Amino acid sequence: MKDFAGKIAVITGGGTGMGRELARQLVAEGCNVAMCDVSAENMAETKRLCEVEKLPQGLRVTTHVADVSIEDQLKRFRDELIEQQKTDKIHLLFNNAGIGGGGSLFTSTREQWERTFNICWGGVYLGVRTFLPLLSKADEAHIVNTSSVNGFWASVGMGTSHTAYSAAKFAVKGFSEALINDLRLNAPHVKCSVVMPGHIGTSIVSNSRQIQNGSDRLSPNELQQARQRFKAMGLPVETMSDEDIQARGLDRARVFRDEAPTSAAQAAKIILDGVKADRWRILVGDDAQKLDEMVRETPEQAYTQAFFDSMTKAVGWKVG
Ligand SMILES: NC(=O)c1ccc[n+]([C@@H]2O[C@H](COP(=O)([O-])OP(=O)(O)OC[C@H]3O[C@@H](n4cnc5c(N)ncnc54)[C@H](O)[C@@H]3O)[C@@H](O)[C@H]2O)c1
C-alpha cells in the first residue's frame with residue numbers, strides 16, 4: 001500500500017503510546033481512523049491531538065471503548081465502526097494494544113499471567129478474526145501485528161521473570177509469519193506485517209500496572225521481586241523501606257518513558273514506512289536491529305548473563 005489517503009484504519013490501543021502516534025500520523029496523511037482502547041479519556045486526548053491540525057473535509061476519527069481480549073467487545077467495536085465510519089470495509093488493521101506483567105508462574109497470579117497473555121496474544125488473534133471480512137472487502141488491505149523483540153528473545157534481563165509477555169509475543173510473530181502464506185493463498189490483496197519494537201519511550205510500564213494492579217504502584221509480589229532484583233544489583237535493600245522500593249518502581253516507569261532510544265512518534269513513522277515499503281518484518285529501533293543480529297549469531301548464549309551484559313552495552317539499554 002503506497003499511500004494512506006482516503007483509506008480507513010483500525011488501531012487497537014489508540015489511547016496512548018505508539019497507537020496514539022499511529023493515529024496522528026495516519027490522520028495527517030488523510031486516513032480515516034477508528035480506534036479502540038480501554039480508556040475513553042486517553043482516546044479523547046488522541047482524537048483531540050489528531051484534530052489539532054484542521055482535518056480534511058469529511059475525514060473521520062472515531063473512538064470506541066473495547067477490551068481486545070473480549071471477542072464480544074471487539075464485535076461491538078466493529079459494528080459501531082461500520083455505522084459511524086459509514087463503511088463495509090477497512091484497509092488497515094493495527095493490532096497494537098498490549099500490556100506487560102504477570103511474568104512468573106511462581107510469583108504472579110494465574111489471573112495476571114492470563115490477562116497479559118489474553119491481551120497481547122488473544123487481542124491480535126481476535127482482532128484478525130473480527131476484522132478479516134472487512135479487510136477482504138477492500139481492494140487492498142494490510143494487517144500490522146505488534147509483537148516485540150520479546151517475540152524472538154524471551155527476556156528483559158536476568159533478574160526478571162517474563163513468561164506471559166514473551167509467550168504472547170512469540171505467538172504473535174509465529175501467527176503473523178504463517179498468515180503471510182494463508183493470505184497469499186486465500187486473499188492475495190491482503191498483506192501482513194509483524195512489528196518488533198525495541199525499547200520505545202511510552203507509558204507502557206505504568207499503564208500495565210494500572211491494568212494489572214489498579215494503580216501505578218507495585219503489587220506485593222512485584223515489591224518482593226524488585227527487592228530481589230535490587231539485591232542482585234548490589235543495592236542495600238536491607239536498609240530500604242517498602243516506600244523506597246515503590247519510589248524506585250515509579251522512577252523505573254519514568255526512565256522507561258523518558259530515556260528510551262526511540263520515541264513513540266519515531267516508532268510510528270518506522271512502522272508506517274515499513275507498511276508502504278511492503279516489508280513483512282518491521283524491526284523498530286537500532287536496539288531491535290542489533291538484538292536480532294545477536295540472537296541469530298549466538299542463539300545458545302541468548303539467556304546467559306554474558307549475552308545480556310554485551311547486549312545492554314551494545315544497545316545502551318537502561319532497563320532490566
Ligand atoms: N514500549 C515498548 O518499549 C514496546 C516494545 C515492544 C513492543 N511493544 C508493544 O507495542 C504495543 C504498544 O505499546 P506502547 O508501548 O505504545 O504502550 P502504551 O501503554 O502506551 O499503549 C498501549 C495502549 O493499549 C491499551 N490497552 C491495554 N490493554 C488493552 C485492552 N485489553 N484492550 C484495548 N486496549 C488496551 C492501553 O490502554 C494503551 O492505551 C504493545 O503491544 C506493546 O507490547 C512496546
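Note that these values count all heavy atoms, side chains included, but never hydrogens, waters or copies made by symmetry. Just follow the structure's listing: the first ligand is 1, and inside any ligand the first atom is 1. Note that the structure is a prediction, hence the values are computed from the model and not measured.
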(message) I'd like to know if the side chain of Gln266 reaches the main chain of Gly285, judged simply by a donor and an acceptor atom lying under 3.5 Å from each other, with no hydrogens or angles considered.
(response) no
(message) Just to verify, what does Asp79 make a side-chain hydrogen bond (donor to acceptor under 3.5 Å, both in side chains) with, not counting sequence neighbours?
(response) none
(request) Look at atom NZ of Lys276 and say whether more than 12 heavy atoms of other residues, nucleotides or ligands are closer to it than 6.0 Å. (result) yes
(request) Give the numbers and elements of all ligand 1 atoms closer than 4.0 Å to a heavy atom of Gly198. (result) 2 (C), 3 (O), 4 (C), 5 (C), 6 (C)
(message) If you measure every N or O of Ser148 against every N or O of ligand 1, does any of those distances drop under 3.5 Å?
(response) no
(message) List the residues meeting salt bridge (Lys or Arg N to Asp or Glu O under 4.0 Å) with Lys137, not counting sequence neighbours, and say none if there are none.
(response) none
(message) Using a plain distance cutoff, I'd like to know if Asp37 has any nitrogen or oxygen under 3.5 Å from a nitrogen or oxygen of ligand 1.
(response) yes
(message) Taking distance alone, with N or O pairs closer than 3.5 Å, would you say Gly19 contacts ligand 1?
(response) no
(request) May I ask you to decide if Arg248's main-chain N or O and Asp251's side chain share a donor-acceptor pair within less than 3.5 Å? (result) no
(request) For Asn42 and Gly15, indicate whether the former's side chain and the latter's backbone hold a donor-acceptor pair under 3.5 Å. (result) no
(request) Just jot down the ligand 1 atoms closer than 4.0 angstrom to any heavy atom of Tyr165, in number order. (result) 6 (C), 7 (C), 8 (N), 9 (C), 42 (C), 43 (O)
(request) Please could you name the atoms of ligand 1 that Asn207 approaches to less than 4.0 Å, counting only its heavy atoms? (result) 18 (P), 19 (O), 20 (O)
(message) Below 4.0 Å, non-hydrogen atoms only: which portion of Ser208 touches ligand 1? Side chain, backbone, both or neither.
(response) neither
(request) Examine Pro197 against ligand 1 and note whether any of their N/O atoms are separated by less than 3.5 Å. (result) no
(message) Tell me whether Ile99 has any N or O atom under 3.5 angstrom from an N or O of ligand 1.
(response) no
(request) Answer yes or no: does an N/O atom from Ser147 fall short of 3.5 Å to an N/O atom of ligand 1? (result) no
(message) Within ligand 1, which atoms have a heavy atom of Thr146 less than 4.0 Å away?
(response) 9 (C), 10 (O), 11 (C), 41 (O)
(request) Output the list of atoms in ligand 1 that are nearer than 4.0 Å to some heavy atom of His199, sorted by atom number. (result) 3 (O)
(message) Checking the N or O distance criterion of under 3.5 Å, is ligand 1 in contact with Ser69?
(response) no
(message) At less than 4.0 angstrom from any non-hydrogen atom of Ile211, what atoms of ligand 1 do you find?
(response) 27 (C), 28 (N)
(request) Just jot down the ligand 1 atoms closer than 4.0 angstrom to any heavy atom of Gly15, in number order. (result) 39 (O)
(request) Give a yes or no on whether Glu300 atom CD has more than 12 heavy-atom contacts from other residues, nucleotides or ligands under 6.0 Å away. (result) no
(message) Under a 4.0 angstrom heavy-atom cut-off, which atoms of ligand 1 come close to Gly17?
(response) 16 (O), 20 (O)
